[in-house]
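All remarks here apply to the structure that follows.
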Number of protein chains: 2
Amino acid sequence: MHKENNLTKNQQIVLDLIEKSKEPVKAYSILSNVKKRGINAPPQVYRALEKLIKIGKIHKVESKNAFVVCKNTNCEVSNATAFSICQACEKVTEIINSKLSKYLKSFQDNTGMKYKKYNLEFFGLCQKCKSK
Amino acid sequence: MHKENNLTKNQQIVLDLIEKSKEPVKAYSILSNVKKRGINAPPQVYRALEKLIKIGKIHKVESKNAFVVCKNTNCEVSNATAFSICQACEKVTEIINSKLSKYLKSFQDNTGMKYKKYNLEFFGLCQKCKSK
DNA sequence: CTACATAATGTTATATTATAACAAATTTAA
DNA sequence: TTAAATTTGTTATAATATAACATTATGTAG
Ligand SMILES: [Zn+2]
Ligand SMILES: [Zn+2]
Ligand SMILES: [Zn+2]
Ligand SMILES: [Zn+2]
């Protein structure tokens with residue numbers, strides 16, 4: 001909502017919109033909601049999204065092709081993300097759990113590949129949906 | 001390659017194609033490659049993919065919108081998947097690691113949400129690309 | 001066996017997500 | 001300054017996925 005440093009006008013407009021939303025926002029939903037602010041076409045939105053992802057301000061929820069603000073002060077560069085996704089109401093929450101991130105950041109598979117980045121998505125029922 | 005039980009003709013054709021491929025296959029690549037076998041339109045491919053995913057024969061690699069055969073005899077229902085993805089050559093490998101899956105299957109976040117399913121994608125450089 | 005209901009498959013059309021290609025404007029740095 | 005480089009705007013199109021309905025196959029009651 002407030003002016004962030006080093007962001008262009010379009011990036012700020014897109015970030016503001018994602019921040020205001022309670023749920024993940026899709027690119028074309030962003031587009032239609034920012035047309036009144038002078039963003040006219042998909043590439044303008046996708047370029048802003050790309051930059052915001054790169055600097056860790058937002059994340060893409062891959063299974064939903066939607067975007068959320070980062071809730072984690074530590075993942076400035078967006079290289080270690082985890083989400084909890086309700087299969088009923090589609091609520092998405094970023095998981096902030098240092099044990100989990102520590103475990104995954106240091107994970108080594110048997111091929112010796114060293115990981116720079118991971119994205120984890122958990123699916124289940126949230127409290128509200130469980131009790132229905 | 002060999003006839004699987006309980007699969008329809010289209011499901012078998014699509015599965016065969018994905019099994020033959022060394023790399024993740026995209027839906028429209030599948031479509032163009034199975035036209036000679038009588039599959040003509042996207043819904044036929046997507047329905048087959050949906051079923052194959054449900055029974056755990058294949059997985060979707062979300063970050064690539066592509067499909068791979070399951071390499072893990074244990075994830076019959078596809079509810080616990082992990083992949084390693086090379087950012088250079090795009091090679092994708094299913095990670096089969098019982099410690100990892102045990103850890104993630106029993107993971108609890110602070111909201112008390114109980115997870116039924118997860119998908120984890122690691123990114124980095126594979127051995128071959130690292131040494132270039 | 002029919003005749004009807006149900007489910008599965010085929011087909012056409014369209015919706016949704018994302019990027020290519022180029023033009024115009026802005027910024028940078030000789 | 002002015003030419004190059006980068007960023008932004010714009011048009012067009014590519015790539016991914018599903019809706020809607022027609023057709024065919026399968027199952028079930030009479
Ligand atoms: Zn984050
Ligand atoms: Zn819910
Ligand atoms: Zn698997
Ligand atoms: Zn590689």
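In what follows, chains are A, B, ... by sequence order, proteins preceding strands, each numbered from 1.
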Scan A:Lys51 against the nucleic acid and name what it touches under 4.0 Å (heavy atoms): base, sugar-phosphate only, or nothing. nothing

Rounded to the nearest angstrom, tell me the gap between atom [atom1] in [X] and atom [atom2] in [N].
| X | N | atom1 | atom2 | answer |
| --- | --- | --- | --- | --- |
| B:Lys60 | D:dA15 | NZ | P | 16 Å |
| A:Lys54 | D:dT7 | NZ | C1' | 13 Å |
| A:Lys64 | D:dT16 | NZ | P | 20 Å |
| A:Tyr46 | D:dA14 | OH | C1' | 12 Å |
| A:Asn40 | D:dT8 | CG | C1' | 11 Å |

Parallel, tilted or perpendicular: rings of B:Tyr115 and A:Phe122 (30°, 60°): parallel

On DNA chain D, does the nearest nucleotide to A:Tyr28 precede the nearest nucleotide to A:Ile39 from the 5' side, or the other way round? Give the residue. A:Ile39

Ranking B:Ser29 and A:Gln44 by the position along DNA chain D of their nearest nucleotide, the one closer to 5' is A:Gln44

Which residue, B:Asn10 or B:Pro42, contacts DNA chain C at a nucleotide closer to its 5' end, judged by nearest heavy atom? B:Asn10

Mapping A:Arg47 and A:Lys26 onto DNA chain C by nearest heavy atom, which one lands closer to the 5' end? A:Lys26

Ignoring hydrogens and angles, state whether a donor on the side chain of A:Asn10 or A:Thr8 is under 3.5 Å from an acceptor on the partner side chain. no

Verify whether one side chain among A:Glu62 and B:Ser63 offers a donor that lies under 3.5 Å from an acceptor in the other. no

Protein-nucleotides 23-27 of chain D N/O pairs under 3.5 Å:
none

Rounded at 0.5 Å granularity, tell me how far CG in A:Asn79 sits from NZ in A:Lys116. 11.0 Å

Please tell me if B:Asn65 has a side-chain N or O lying less than 4.0 Å from either OP1 or OP2 of D:dT16. no

Hydrophobic clustering (ILVMFWY, side-chain heavy atoms < 4.5 Å, transitive) - are [Y] and [X] grouped together?
| X | Y | answer |
| --- | --- | --- |
| B:Leu120 | A:Met113 | yes |
| B:Leu31 | B:Leu7 | yes |
| B:Val45 | B:Ile18 | yes |

Under a 4.0 Å heavy-atom criterion, DNA chain C is touched by chain A from C:dT17 to C:dA21

Flag the pair A:Tyr118 / B:Phe123 as yes when their ring centroid distance falls below 6.0 Å, and as no otherwise. no

Among D:dT8, D:dA17, D:dC21, which is the nearest nucleotide to the side chain of B:Ala27? D:dA17

Under 3.5 Å, side chain of B:Ser106 to main-chain N/O of B:Lys102, donor-acceptor pair present? yes

